[in-house]
Structure formats: C-alpha cells, structure tokens
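Written below as structure tokens is the structure these notes are about.
Naming: A, B, ... by sequence-line order, numbering from 1 per chain.
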2 protein chains.
Amino acid sequence: MAGDAGFAETRGRLLSAALEVFAERGYRAATFKEICGRAGTNPAAINYHFRDKLHLYLAVIEQGLAELQRRSDILDDDPTAPPRQRLRHFIGAVFRRLIGQESPSALLRLMACEMVEPTAGLDVIIQRAFLPAFEHLCGIIADLSGRRPDDPITKDCALSVFGQCVFFHHARPIISKIKYPKYDLPVLEHLIEHTFRFVEAGIRAVAGQEAVRFGTAQIECTS
Amino acid sequence: MAGDAGFAETRGRLLSAALEVFAERGYRAATFKEICGRAGTNPAAINYHFRDKLHLYLAVIEQGLAELQRRSDILDDDPTAPPRQRLRHFIGAVFRRLIGQESPSALLRLMACEMVEPTAGLDVIIQRAFLPAFEHLCGIIADLSGRRPDDPITKDCALSVFGQCVFFHHARPIISKIKYPKYDLPVLEHLIEHTFRFVEAGIRAVAGQEAVRFGTAQIECTS
DNA sequence: GTGCGATTGAAAACCATGTTTCAATTGGAG
DNA sequence: CTCCAATTGAAACATGGTTTTCAATCGCAC
C-alpha cells in the first residue's frame with residue numbers, strides 16, 4: 001500500500017462524507033465536489049474505491065444499515081411495557097433520528113429522500129430498514145387497538161403514524177416559516193408529545209374495536 | 001408580431017407544459033428538453049418569453065396561483081355546515097388535488113415539491129396558497145375543538161392534518177410497495193375516509209378542551 | 001410591395017457534473 | 001537499494017443541461 005492515509009482511512013472518510021451529503025441533498029443533487037470537499041479527497045478516489053456514484057451510494061446505504069443494526073433504539077424496546085409507552089418511545093426515537101443530530105440519523109433522512117426520489121437503493125432500504133420498523137410499529141398498534149398486526153386497518157394507522165413523523169422533517173422549510181423557526185430540543189420534545197397524543201387518539205378511533213374501550217382509555221389519558 | 005402561433009399562444013403552451021413538468025419533477029430535475037418537447041417549441045422560446053428557467057418557474061407559480069383563486073374547491077365550503085363535514089370536505093379536496101388528475105392539482109403538487117426542495121418561489125407560494133389554506137383549516141379545527149384559530153395547539157393540529165395528506169402523496173414510492181400498488185378511485189376514497197377519522201380523533205384528543213365533549217362526540221362517530 | 005419589428009428554429013457556446021486517464025508518490029518485499 | 005503494486009492528485013474528457021447567438025420567417029404599417 002501507499003499514500004499517507006491508507007486504504008481503509010480514505011474509504012471511511014468518503015463513506016462518512018457521502019452519507020452526510022446524500023442524506024442532506026438526495027442522490028441526484030449530491031455532487032462529487034461537495035463529497036470530496038468534505039472528505040478531503042479527489043474525485044478519482046471515488047472511482048478507485050467505489051467505481052462510480054451509484055456504487056458509492058449503495059455502499060453508503062450498506063454502511064448506514066449496518067450502523068442502524070448495531071445501535072438501534074427504535075426497535076429495542078421492552079415488549080412487556082404497556083403499548084402506549086412503546087408507541088411514545090417509537091415516535092420519540094423516529095423524531096430524534098430524523099431531526100436530531102445523532103449519528104445514525106443519516107440513514108433515516110436518506111430513507112426520507114428515497115420516498116420522494118426513489119433510486120436503485122430503495123428496495124434494500126425498504127426491506128432492511130423500513131419494513132422492520134413498520135412491522136414493529138404494527139405490533140405496537142395491534143397491542144393498542146386489539147386488532148391483528150397484519151390487519152389492513154392496522155397498516156393504515158402505521159402509515160399515518162409514520163407520515164406524521166416524516167412530515168415534520170420533510171416540510172421543515174415551510175414549517176419554519178409558519179410556526180417553528182428552528183427545531184431545538186424543547187420544540188422537539190413538544191412535537192413528540194403532540195404527535196404521540198394525536199396519533200394515539202387516531203389509532204383508537206380508526207382501529208379500536210369497541211367504543212367503550214376507547215372512551216375510557218382516552219379519559220384516563222386526557223384528564 | 002409574427003410566427004404562425006402568436007405571442008400569447010406559445011407563451012401559454014410553455015406555461016402549461018412547464019407547470020406539468022415542474023409539478024412532476026421539481027424545479028431542479030425539470031429540463032428544457034422535456035418542457036419544450038411537450039410545448040412543441042424551442043429552448044429559445046423560453047429565453048424569449050421568460051428570460052431563463054427561474055423566471056419561467058416564477059411565472060408558472062403566478063399562473064398556478066391565479067388558476068387556484070379562480071376555481072378553488074378547498075376554501076369555498078359552507079361556513080355554516082357542521083365542522084366535521086367541513087373537515088372532511090377539506091381533506092377530500094386536498095387529497096384529490098394532490099393525487100387525482102384534476103387540472104388545478106399541479107400547483108399543490110408543486111407546493112409539495114417546494115417543501116422538500118425550496119426555491120425562490122417558496123415565499124410567494126406560502127403567502128398566497130399555503131397560508132390561506134392553512135388558516136382555513138385552523139378555522140375548521142377551531143370550530144371542532146372550541147379553541148381559537150390562532151391558538152398554538154390549533155396550529156399544531158393543522159400541521160398534523162396537512163402532514164397526513166401530504167405524506168400519502170409524497171411517500172407514494174414506498175407506500176406502493178407496502179400496501180397500495182396504485183391509487184385508483186376506491187383507494188383514494190378509502191384513504192380520505194381513513195385520514196378523516198384519524199385526524200378528527202387526533203384533533204379532539206389534542207385540542208379538545210373537555211374530555212366529556214370528546215367522549216360523546218367520539219362515540220357518536222364510531223358507533 | 002417594401003421595410004420593420006416581433007417571433008421562432010437551428011445551432012453553437014457555455015457551464016457543471018460524472019468519469020477516466022495517467023503520471024507521481026508512497027510503503028513495503030525481496 | 002530497487003522494484004512493485006497500491007493509492008492518490010491533477011488534469012483531460014464526455015455528457016447533459018442551460019443560455020446565447022443569429023439568421024430566417026412572418027404580419028403589419030406605410
């Protein structure tokens with residue numbers, strides 16, 4: 001080998017920089033200039049280590065997924081805890097990932113980009129990141145509503161919950177002009193609390209099987 | 001004047017074509033090639049009529065706003081109707097605009113693009129399209145919850161409602177792989193009904209001022 | 001009919017981006 | 001020390017997209 005940095009070193013810097021840039025701008029709008037600028041390398045290094053932009057992107061996804069599996073606080077909750085608490089934990093984890101600065105956020109943001117502008121990486125992201133989280137959420141909703149996890153209505157609710165979380169991330173340019181100029185920690189906590197209460201009631205209304213169960217649970221929660 | 005088409009004629013064709021393409025692909029990904037292809041003109045015509053891509057885009061927004069004001073079925077509901085009905089009308093109108101094929105949809109889709117990838121046109125869209133719809137929605141929610149339209153909690157709920165609608169449009173690439181391969185009319189109606197019930201309960205839970213009011217309203221609705 | 005200004009088409013220039021080339025550099029093996 | 005393969009930097013190349021140029025066309029005023 002040669003170079004002052006070493007193979008793994010520059011490869012790693014490229015991966016990190018690319019993960020950031022792809023997550024910020026999406027696949028298409030991300031440029032070599034910016035990636036190489038942050039990584040402190042030449043465009044040639046991308047070709048050398050990853051062949052081309054697409055393969056760099058796929059490698060980024062791969063790395064993001066690996067990191068996600070290593071330290072995921074979305075899926076690892078206590079399955080014996082009451083479902084309301086698990087739902088709140090889930091929402092908080094997704095919000096913090098999407099909006100906060102923590103490291104493993106990038107993959108989730110990248111997933112958000114894929115929603116709008118799908119690429120060849122969409123399938124693997126869906127299979128290995130979205131579906132597990134989605135099914136986990138379905139499980140929580142099932143516990144909360146009494147329906148089965150694979151009930152179509154359960155899935156509709158899971159989509160709605162996900163949509164709430166993603167929207168507050170996606171629409172930030174507009175939201176910042178309407179109400180929350182920036183998402184600092186107190187605002188984040190407020191949004192999590194709001195979203196939790198909002199979707200919990202939505203789930204009970206749409207998926208709850210008996211009005212009685214719903215009514216009592218809600219009163220206990222609101223008062 | 002000269003040319004077989006005439007000034008207003010080609011200008012109009014360009015505007016229509018550009019509105020479509022911008023709404024489908026977003027500002028950046030839209031190309032002259034596609035716009036001119038659909039309009040049946042040369043790139044030079046864009047320069048001649050609108051100076052450059054940005055000004056074409058701004059003109060497109062202007063036209064979309066004008067058309068929106070002319071035939072808007074989002075804002076013109078019956079203010080004396082019960083708030084639940086008005087909420088359902090609002091959600092249906094937004095869904096159909098975002099997902100359906102009707103003509104004035106394009107501006108709303110364009111707005112959705114601006115959320116993800118803001119441009120110089122964002123401000124005018126917010127001021128003249130988003131804010132009116134948003135305030136209208138706040139009014140409905142206020143009627144529904146008993147809060148004031150400018151109450152922060154009312155606004156949070158309005159964001160959530162908007163988020164629900166926008167998500168089902170934005171995340172279509174993922175949703176099509178999870179549950180709804182395509183959005184035909186029955187699916188659309190189902191999503192509208194689901195969203196309405198979901199957010200109505202969310203609003204009552206988050207913004208409703210007394211648990212009693214909430215409980216009775218909900219039972220009446222669910223059973 | 002002639003000339004003029006408005007409009008358009010074809011092509012070229014320009015620019016940004018992804019990709020490739022190639023020579024230079026480096027660290028280790030023999 | 002010398003050679004070798006791995007790695008990198010600088011610059012060239014190709015491509016696709018936007019903007020400009022310029023000549024050709026057309027309708028109208030005179």
Side-chain angles (χ1 to χ4, degrees), chain A residues 1-61 63 110 113-114 117-121, chain B residues 1-61 63 110 113 116-121:
Chain A
M1 299 169 196
D4 33 313
F7 180 87
E9 157 88 30
T10 46
R11 187 188 150 94
R13 280 212 316 277
L14 268 176
L15 274 176
S16 302
L19 179 60
E20 280 180 32
V21 178
F22 280 131
E24 281 173 24
R25 306 224 189 289
Y27 177 74
R28 191 190 168 107
T31 73
F32 279 29
K33 197 177 170 186
E34 187 154 15
I35 294 173
C36 293
R38 294 197 198 180
T41 68
N42 257 12
I46 291 179
N47 173 285
Y48 180 71
H49 287 273
F50 304 97
R51 178 142 222 92
D52 58 15
K53 191 181 182 182
L54 181 62
H55 287 80
L56 168 62
Y57 184 64
L58 295 178
V60 158
I61 291 176
Q63 188 208 239
L110 210 137
C113 291
E114 285 282 340
E117 177 202 327
T119 74
Chain B
M1 300 167 198
D4 35 311
F7 181 87
E9 158 89 30
T10 45
R11 187 188 150 93
R13 280 210 317 277
L14 268 176
L15 275 176
S16 302
L19 179 59
E20 280 180 33
V21 177
F22 280 130
E24 280 173 26
R25 307 225 188 287
Y27 177 74
R28 189 186 170 111
T31 72
F32 280 29
K33 197 175 169 186
E34 187 155 14
I35 295 174
C36 293
R38 295 197 199 178
T41 69
N42 257 10
I46 291 179
N47 172 288
Y48 179 71
H49 287 272
F50 304 97
R51 176 139 222 96
D52 57 15
K53 191 180 182 182
L54 180 63
H55 287 81
L56 169 61
Y57 184 64
L58 296 178
V60 158
I61 291 176
Q63 189 209 240
L110 209 138
C113 290
V116 181
E117 176 203 327
T119 73

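B:Glu117 and A:Arg25 are not joined by a salt bridge, as no carboxylate oxygen comes within less than 4.0 angstrom of a charged side-chain nitrogen. The residues B:Glu20 and B:Arg13 are annotated as not salt-bridged, no charged nitrogen and carboxylate oxygen being separated by less than 4.0 angstrom.
A:Thr119 contributes atom OG1, which lies 10.5 Å from atom NZ of A:Lys53 (distance to the nearest 0.5 angstrom).
Of the possible donor and acceptor atoms, one in the side chain of B:Asp52 sits under 3.5 Å from a partner among the backbone N and O of B:His55.
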- Evaluate the criterion side-chain contact (heavy atoms from CB on, under 4.5 Å) for residue pair A:Phe22 and A:Ile35; output intermediate values, then yes/no. CA-CA 9 Å; A:Phe22 280 131; A:Ile35 294 173; 4.2 Å; yes

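Within the 4.0 angstrom heavy-atom criterion, no nucleotide atom of any strand lies near A:Ala45. Heavy atoms of A:Asp52 sit under 4.0 angstrom from primed sugar atoms or phosphate atoms, though from no base atom.
Among the nucleotides D:dT20, C:dT17, C:dT8, the one closest to the side chain of A:Lys33 is C:dT17. Closest to the side chain of B:Asn42, out of D:dT8, C:dT19, C:dA10, is C:dA10. Listed nucleotides D:dT19, C:dT19, D:dT20 differ in distance to B:Ala44; the shortest reach to its side chain belongs to D:dT20.
For the pair B:Tyr48 and C:dT8, the criterion of a side-chain N or O lying under 4.0 Å from OP1 or OP2 is not met. The side chain of A:Thr31 contributes no N or O atom lying less than 4.0 Å from OP1 or OP2 of C:dA16.
A heavy atom lying under 4.0 Å from DNA chain D marks none of the residues of residues 22-29 of chain A.
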